[in-house]
Structures are given as structure tokens and as C-alpha cells.
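Below you'll find the structure, written out as C-alpha cells, and then a few comments.
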Amino acid sequence: MNHERPLLVFHDVTLGYGGVPVLRHLSFHVCAGEFLGIVGPNGSGKTTILRAILGLIRPLAGRVQATGLPVVGYVPQREHIDSVVPVTAMEVVLMGRAPRLGPFGRPDRHDREAAQRALVQAGVAGLADHLFRDLSGGQQQRVLIARALAAEPDLLVLDEPTNGMDLASEHAIVELVRTLNRDKGLTVILVTHLLPIVLNAATTILLLEGDRHLYGEAEEVLDEGKLRELYQVPVRVAEVGGRRTLVVGGRDD
Amino acid sequence: MTEMFGLEFMRLAAVAGLAAALSLGVLGVYVVLKRVVFVGLALANLATFGAATALVLRLPAEPAALAVTLAGAAVLALVAAPRRLPAEAVVGWTFAAATAGTVLVLASSASADTDAMRLLFGNVLAVTRAEALLLAAVSAVVLAVHVLFARRFVLVVFDPETARAVGIDTTLWTLLLYLTIGAATAAAVHETGALLAFALLVLPAMAALLVAGRLRSAFLAAPALAAAAVLAGLVLSFLLDLPTGPLTVALLAAVVPAAALRAQARPGRRPRLRP
């Protein structure tokens, strides 16, 4: 486990809405440079954890502690964005600078340069003047990642970034996030309902299943016995061509 | 033309009509993009209800219309619909209640027919100097707010979840958006009538969003179209001896399908990333 000072710590946290708990006794932390994958099926509370990380809800019990108020770059689900609005990719990326702008929200040269750098990092510099709504799902996702990067974040938080994508686009997005984590040292939290998405990228994993959860370093969490106990079916991680892949069922099926 | 606008009532009508066109034209872009078209209709009817109540109580109509509309705008912006209902249902309730209230209030007035005609259909040709100046002042304030804070409003409309996540108070900005829509609508309704105010809010924005390639262009095209329709409506109604408000609405209604045809002739292309 990374022994650096954590950016974000969940201490025995219970989360819920209107006083009704959705998740209980959740403890995990994210250190600088880590890649945390939060994985669980729909309704398992992933979005609730995300909302707590973003400070949009308060825990019913326990404590969420952020060290030094990290700047968070947030990449929402593409489906939550109203693509009828005719804004260009550059205008979308400039929105990432919003917390750093004055009361009128007007970007200056420095903000435009930061947005341009973010577009380059996300591999969509050539799309700056195109309308967001005209882009493919993969291109839109890259623009949203560029918007989060334009905030010059300490922590990049992505909510189901590969939803509705074909295999190639899915792979490209995961590789982009992995590169930002490994090469640029950016701390990442990626929320997904598919374990294979983070299998080759995450350094730590939080698995949610029913009212149980499993948290730890990737190697530790991806243990066959632990996965079997969590999912109640035989699940193991195999290596194919130097990359991890998930095998469900098999040995005692 | 010079002779036409040599008449004071035409000049005042032009000032009032243009003031309403410019502010409602800009606000309409948000109303259409946020899919809250009926908020405009509900607020227009709330303004009518406020003005009708004031007329019956022999109070000044404009402040009453403004107060009732701003209160309604705040409620629509801040109060969440019951869990089992979509937010639009609350807008529908507001529209129905305001319309019924207006009719019932006017029914208790001795001059009900005249008041009802003025309130529902307006008469921009009967605008006084004070009324035109008030409408121009309200529109100027609304436009100033939207020019200064355009980027904040766009972020909150485009992606409210992320706006909240990065610490922007989306409730405050949504409230401000609805209050400016309420103020501009209330100020316009008494002079132009609910029908023209609603049409100026929705139809130019629809046409502008259909033809404009960028949001910035839509924000320029919508008030420009609204203003052109108001002037054309005034001139044509003068020449053809037809009612100004409905003629202006008919012109705006004709512009929308024309814009749709033009947009269909120029479909957007999906760009490819250069290797």
C-alpha cells in the first residue's frame, strides 16, 4: 500500500439519503499518484460514494477527510450532459477553468493556454473548434477528460467513462487515463460497473457487491478466494498476452 | 416609413416592442435549451394574473405583475416537484391555476371584457411613455445580467452536475435565471400581452438555435430575429390594418419552419481526428 500522505480518507463512513443508509462502514483512502477503481453493479452505491468524494453529500456517520483541499477534476457520465447545447470542444474545456475564474467567469490568455494544453493531453487538440454535440462518444469523453484536466487537478474523478462505447473506444479511454496516472502522476478515481475496465490500470480497488465491499491493493483484492467470496461464483484473474483478464466460472462449474 | 414612425404611439410601440424582443430573445435561448418552454407560458400567465388582480383592486398593474411573477419564478426554480411527478407537471399546475385565477378575478370586474382583452392580447400601440421606459429599463437590467454572467449561466445549463461538483452554486444561478425570465416576462406582458411575450421568448430562440452554428451566434440571432419581427409586425399591421401582436406572432411562427428547412439543408458533420 502507498504510504504517502493520503489526499482523501473515508473513515468508517455511512452514506445515504434522507437519513436512510445506502452504504455502511466504508473505509478507504487515496494517496497521491494512486489509481483507485471503484467497481460495483448498478444500485451498489458507486454514485453515492462519488457524490461524497465531490462533497455534494455529507456522511450520515463517519468522516470524509480531504488533505489540503485537493483540486478535483470531475468527468461526469456523458449521458448527464445536455448535448443539444451548441458549444465547441474548446468552450467545454474552458468550463473546466470555472472555479479559477472571477465572478464574471471570463477566461484570460492563461486559461486558454491551460485549455489548449488539456486538449493536447487528451488527444483532441484537432477538435477544439468542433461542436461537442457533433463528436462521437469517444471524442466527447476525451473532451470531458480535457475539461477536467484544464482545472489542473490534484485528483481526477471519472464516473463510468466507458459507458456505451465500442471496444476500441473503451480501450483508448482506459489507456488515456492510465497514461495520465502512470506518466503524469495524476491521482485517479474511476467508477465503473465493469471490473475488467480497471483490471490493468488500478493500483487499488474498492469492490461493492450487495451490502459487502472489498478494498485494498489491486493484487490483494484480485485474489481468487476473495473474489469468489464476494461474488459467490468462481472468479479468477488470468494473464493473457501480459494483460490481466477476468475468468468467471470454470473450475468447479 | 418616416411618416409612420413620426407618430408618437408608433415610436413608443417600437421602443416597448424592441425592449421586450431583445431581453426575451436572449432569455429564450436558455428556455429552449433547458426544455422549460412552458415555464415561459406559466410566468406570462402569472404576470397576467398579477396585473388583473391589481386592476380589480385599483393598484398599479406593473409592480403587481412583477411581484407575482418573481414569486412564481422563485418557486419554480427552487421547489422540487413531488417525487412521483416530473418538474414539468408543477409548471402545468402553475399555468392552469394562474389562467383560472385571471379569469375569475376579471369576472368580478365591471370592465372585465376590456381588461381581459388588454391583459391577454395586449396592445403595444397603447403603450404610454412611462410604460415604455419601464419596460426598457427592466430589459436593460436583464440584458446586463446576462451579458456579464453568460458563462456561468451556460455552464449551469450545459452540465449542472459538474458545475455543482466544482463548487458553483447551481441553485443560485438557476434562481437568477428564472428571476430574470420572470422580470422580463412580467414587464412585457402588460404592454404586449401574454401571447406575444410568450412568442418572443420561445419562437426566435427556436429559429436561432436551428440556424446558428454556435451558441454565441444563437444569442445574437434570437434577439435580432425577435426585434426584426416586432418592427415588421408594427409596419405591416399599420399598412394592413391588422392587430399588431397576433401579426408579429404569426411572422415569428413562420420563421421557425423556414429555419428548420435551412438547418436540414446544412446537416452537421462528424469530425475525424487527424492521426
Using a 6.0 Å cut-off, check whether atom CZ of A:Arg100 has over 12 heavy atoms from anything other than its own residue.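 Atom CZ in A:Arg100 is crowded, with more than 12 foreign heavy atoms closer than 6.0 Å.
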State whether the number of non-hydrogen atoms from other residues, nucleotides or ligands found under 6.0 Å of B:Arg164 atom CZ is greater than 12. yes
Pick one of side chain, backbone, both or neither for B:Arg152, based on which atoms fall under 4.5 Å of a heavy atom in chain A.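 Just its side chain gets close to chain A.
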Assess the residue pair A:Val85 and B:Leu215 against the criterion (side-chain contact (heavy atoms from CB on, under 4.5 Å)); give the C-alpha distance rounded to whole Å, side-chain angles, the decisive distance to 0.1 Å, and a yes or no. CA-CA 7 Å; A:Val85 182; B:Leu215 189 59; 4.0 Å; yes
Is there a side-chain contact between B:Pro160 and A:Asp82, using heavy atoms and a 4.5 Å cut-off?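 Heavy-atom side-chain distance check fails, nothing below 4.5 Å.
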If we define contacts as heavy-atom pairs under 4.5 Å, which of A:Pro76, A:Gly73, A:Ala151 has the most with chain B?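 Maximum pair count with chain B is reached by A:Pro76.
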Choice from A:Ala148, A:Pro107, A:Gly96 maximising heavy atom contacts with chain B below 4.5 Å: A:Pro107
Check A:Pro86 against B:Gly213 and note the closest heavy-atom contact, atom names and distance. CB-O, 4.2 Å
Write out, in numerical order, the residues from residues 133-150 of chain B with a heavy atom short of 4.5 Å from a heavy atom in chain A. B:Val147, B:Leu148, B:Phe149
Inter-residue atom distance A:Phe132.CZ - B:Asp159.CG, 0.5 Å rounding: 8.5 Å
Is there any residue in residues 169-194 of chain A with a non-hydrogen atom under 4.5 Å from a non-hydrogen atom of chain B, and which ones are they?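 No residue falls under the 4.5 Å cut-off.
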Within residues 50-63 of chain A, contacts to chain B at heavy-atom distances under 4.5 Å involve A:Leu54, A:Leu56
Using heavy-atom distances under 4.5 Å, tell me whether A:Val71 contacts chain B through its side chain, its backbone, both, or neither.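 Neither the backbone nor the side chain of A:Val71 comes within 4.5 Å of chain B.
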What's the verdict on side-chain contact (heavy atoms from CB on, under 4.5 Å) for B:Val154 and A:Glu91, showing C-alpha distance, side-chain angles and the deciding distance? CA-CA 10 Å; B:Val154 170; A:Glu91 286 168 334; over 6 Å; no
Test of understanding: with ring pair (Phe, Tyr, Trp, His ring centres under 6.0 Å), list the residues that count as partners of A:Phe10, not counting sequence neighbours.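 A:Phe10 satisfies ring pair (Phe, Tyr, Trp, His ring centres under 6.0 Å) with A:Phe28 only.
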Pair A:Met95-B:Val166, side-chain contact (heavy atoms from CB on, under 4.5 Å): steps then yes or no: CA-CA 10 Å; A:Met95 289 176 191; B:Val166 298; over 6 Å; no
